[in-house]
Number of protein chains: 2
Amino acid sequence: MPAGFSSSDKNDLIESERQVQERIGEMNLDVDALAAVSNIFRVASTARYHMEREVLAAHDLSFTAFTVLWVLWIWGEQEARHLAAESGISKGTLTGVARTLERRGLLLRRTHPNDRRLVLLSVSDEAAELMATLFPRFNAEETTITKVLSSKEQQQLANILRKILRGLEVDASSPE
Amino acid sequence: MPAGFSSSDKNDLIESERQVQERIGEMNLDVDALAAVSNIFRVASTARYHMEREVLAAHDLSFTAFTVLWVLWIWGEQEARHLAAESGISKGTLTGVARTLERRGLLLRRTHPNDRRLVLLSVSDEAAELMATLFPRFNAEETTITKVLSSKEQQQLANILRKILRGLEVDASSPE
DNA sequence: CTGGAATCGTTTGGGGTCAAACGATATAGT
DNA sequence: ACTATATCGTTTGACCCCAAACGATTCCAG
């Protein structure tokens, strides 16, 4: 089930789902799966938008650009196709994102010394400094998002999502 | 924390998170929040891609186009700005998506009889038939995704996500 | 060695994405 | 009536997004 952003009324989340079930009740659907998956989409989309506005916009970074920088910052210099997979985008998309970041002086690009097909990407010093201040801000906002949950619920959530992820990664691998 | 698609090795999900924690351990981060939120992004992104490939691609529909159609199909004709909010996209984006769907004969557009600023959008008969066969397929894939979870876990997940959503919707509302 | 196959990152084409500016329309206040 | 003001959907510009085709480079089989 897709996003379905509803809102306006805060307490009609479940009511909305009930309405859906009523209208397509004859169809014999898996309502629990529908509720679980659709809420994943909703939360992810809302949280991403939240992060872009509250943390990233001030530095003129898109969520994807931040992700790419983050992967590079944590794991160090790496080849383009690997960075793309790790960032969850296609290699074609990475070409564009890397170009934007390079133009802004946040990303470094060099050809692999032993294989001229390969491109090695890494963060600039400026980007490293930026991430050192930006990522704690980002994490603080993650805390804001999850603080409505108990510590136990947070770990439950992470565990459940890891289970799903493992199942999903069997066939999917990642965009190519 | 952003997506971080990892993979290759199936069991390094937690190992990966541990590595991250080690490398930025001096920073005093909220590791539980990081794990929970980052996994939401990962799962959502992977699941969305999965749906596009397995269900939507055969009908040449983007995830967003499907979402818009779905909202319209379930809730009936409505004004553009409302549909945009409900679909989780900005009104500007909806203009383009609606144009694409209209061009393909899946969406109907008319001016509100009493207020000529407003545009009323609805699904065509063709789109209604399409959704009647497509949505059960979509839901079946949701089942595939969540079948690694127990029934209890599925409901736990939905409940936890609803909590987060309510917290997020206080300030954010939705894109405008 | 040398030609075919595989693999790399880039380009292309057709969308989706937002914020901000815009023109058209409706609503108030005077 | 008339003139601000508000609100609607659309346009604009810059970016993200993918699959598929592409040229460059490497690898491998004969």
Side-chain angles (χ1 to χ4, degrees), chain A residues 2-3 5 44-46 48-53 56-58 60-69 78-85 87-104 107 109-121 172-176, chain B residues 2-3 5 44-46 48-53 56-58 60-69 78-85 87-104 107 109-121 172-176:
Chain A
F5 260 51
S45 171
T46 306
R48 180 178 168 138
Y49 184 66
H50 179 83
M51 289 305 195
E52 285 180 335
R53 277 191 310 114
L56 271 22
D60 204 35
L61 280 175
S62 70
F63 191 88
T64 299
F66 177 75
T67 302
V68 167
L69 243 29
Q78 57 196 277
E79 298 162 14
R81 74 195 180 292
H82 184 245
L83 175 58
S87 305
I89 59 178
S90 71
K91 57 186 187 172
T93 298
L94 178 60
T95 296
V97 174
R99 181 175 14 239
T100 300
L101 289 171
E102 190 181 19
R103 175 161 36 83
R104 292 182 51 188
L107 180 144
R109 180 196 304 251
R110 68 186 183 106
T111 303
H112 187 104
N114 302 332
D115 187 340
R116 289 192 300 177
R117 291 172 304 180
L118 274 44
V119 170
L120 292 171
L121 272 9
S173 294
S174 36
E176 139 70 23
Chain B
F5 260 52
S45 170
T46 307
R48 179 176 168 140
Y49 184 66
H50 179 84
M51 290 304 194
E52 285 179 336
R53 276 191 310 115
L56 272 19
D60 204 35
L61 281 176
S62 70
F63 191 88
T64 299
F66 177 75
T67 301
V68 166
L69 243 29
Q78 58 195 277
E79 300 161 12
R81 74 195 179 294
H82 185 244
L83 175 58
S87 304
I89 59 179
S90 71
K91 56 187 187 171
T93 299
L94 178 59
T95 296
V97 174
R99 177 171 23 234
T100 300
L101 289 172
E102 191 181 19
R103 174 162 35 87
R104 292 183 50 188
L107 180 143
R109 178 197 304 248
R110 68 185 182 106
T111 303
H112 187 103
N114 301 332
D115 186 339
R116 290 193 298 177
R117 290 173 304 180
L118 274 44
V119 170
L120 293 170
L121 273 8
S173 294
S174 35
E176 132 75 25

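Any value given below was found using the heavy atoms of this structure, including those in side chains, with hydrogens, waters and symmetry copies removed.
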Asker: A/Leu120 has an atom CG; how far is it from atom P of C/dC8, in whole Å?
Answerer: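 Those two atoms, CG and P, are 13 Å apart.
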Asker: Take the protein atom CG of B/Asp60 and the nucleotide atom P of C/dG15, then report the distance between them rounded to whole Å.
Answerer: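 After rounding, the reported distance stands at 8 Å.
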Asker: Would you please name every residue forming a side chain to side chain contact (heavy atoms under 4.5 Å, CB included) with A/Arg48, sequence neighbours left out?
Answerer: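 Once residues adjacent in sequence are excluded, the partners of A/Arg48 under the side chain to side chain contact (heavy atoms under 4.5 Å, CB included) criterion are A/Glu52, A/Phe63, A/Thr64, B/Phe41.
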Asker: Quick one: side chain to side chain contact (heavy atoms under 4.5 Å, CB included) partners of B/Thr93, sequence neighbours excluded?
Answerer: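 B/Thr93 satisfies side chain to side chain contact (heavy atoms under 4.5 Å, CB included) with B/Ile89, B/Ser90, B/Val97 only.
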Asker: Output the residues of residues 110-117 of chain B in contact with DNA chain D, where contact means a heavy atom of the residue under 4.0 Å from an atom of the strand; sort by number or write none.
Answerer: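 Those residues are B/Arg117.
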Asker: Near DNA chain D, which residues from residues 93-101 of chain A have a heavy atom under 4.0 Å away?
Answerer: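 Only A/Thr93, A/Val97, A/Thr100 qualify.
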Asker: Not counting sequence neighbours, which residues clear salt bridge (Lys or Arg N to Asp or Glu O under 4.0 Å) with A/Arg99? List them please.
Answerer: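 Salt bridge (Lys or Arg N to Asp or Glu O under 4.0 Å) check on A/Arg99 returns nothing, list empty.
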Asker: Using 0.5 Å steps for rounding, measure from the CG atom of B/Leu121 to the CG atom of B/Leu94.
Answerer: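 The CG atom of B/Leu121 sits 6.0 Å away from the CG atom of B/Leu94.
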Asker: Take the protein atom NZ of B/Lys91 and the nucleotide atom C1' of D/dT7, then report the distance between them rounded to whole Å.
Answerer: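 Answer to the nearest Å: 8 Å.
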Asker: When the distance from CD of B/Glu52 to P of C/dG14 is rounded to whole Å, what number comes out?
Answerer: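 Distance, rounded to whole Å: 19 Å.
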Asker: Any side-chain N or O of B/Ser62 below 4.0 angstrom from OP1/OP2 of D/dC17?
Answerer: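 It does not, given that no N or O in the side chain of B/Ser62 lies less than 4.0 Å from OP1 or OP2 of D/dC17.
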Asker: B/Val119 vs B/His112, test: side chain to side chain contact (heavy atoms under 4.5 Å, CB included). Steps then yes/no.
Answerer: CA-CA 6 Å; B/Val119 170; B/His112 187 103; over 6 Å; no
Asker: Does C/dA19 have its OP1 or OP2 closer than 4.0 Å to a side-chain nitrogen or oxygen of B/Ser90?
Answerer: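 Result: no.
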Asker: Whole Å only: how far is the CD atom of B/Glu102 from the P atom of D/dG9?
Answerer: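 After rounding, the gap between these two atoms is 14 Å.
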Asker: If you check the A/Ala80 side chain, which of C/dA19, D/dG9, C/dG9 turns out closest?
Answerer: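 Of C/dA19, D/dG9, C/dG9, C/dG9 is nearest to the side chain of A/Ala80.
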Asker: Nearest-Å distance, CE (A/Met51) to P (C/dC18)?
Answerer: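 That distance rounds to 17 Å.
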Asker: Report the residues that fulfil salt bridge (Lys or Arg N to Asp or Glu O under 4.0 Å) with A/Arg110, sequence neighbours left out, ordered by chain and then residue number.
Answerer: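 Partners of A/Arg110 by the salt bridge (Lys or Arg N to Asp or Glu O under 4.0 Å) criterion, ordered by chain and then number, come out as A/Glu77.
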Asker: Can you identify which nucleotide, out of C/dC18, D/dC17, C/dG9, has its nearest atom closest to the A/Ile89 side chain?
Answerer: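 That would be D/dC17.
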Asker: In whole angstrom, what separates A/Arg81's CZ from C/dA6's C1'?
Answerer: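 The answer, rounded to whole Å, is 13 Å.
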Asker: Under the salt bridge (Lys or Arg N to Asp or Glu O under 4.0 Å) test, which residues partner A/Arg104, sequence neighbours left out?
Answerer: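 None.
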Asker: Just to verify, what does A/Arg116 make a salt bridge (Lys or Arg N to Asp or Glu O under 4.0 Å) with, not counting sequence neighbours?
Answerer: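 Expected list: none.
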Asker: Please report the distance, rounded to the nearest Å, between CZ in A/Phe66 and P in D/dC15.
Answerer: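 Interatomic distance, CZ of A/Phe66 to P of D/dC15: 19 Å.
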Asker: Tell me, please, which residues at least two apart from B/Glu102 pass side chain to side chain contact (heavy atoms under 4.5 Å, CB included).
Answerer: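 Residues passing side chain to side chain contact (heavy atoms under 4.5 Å, CB included) with B/Glu102: B/Leu107, B/Arg109.
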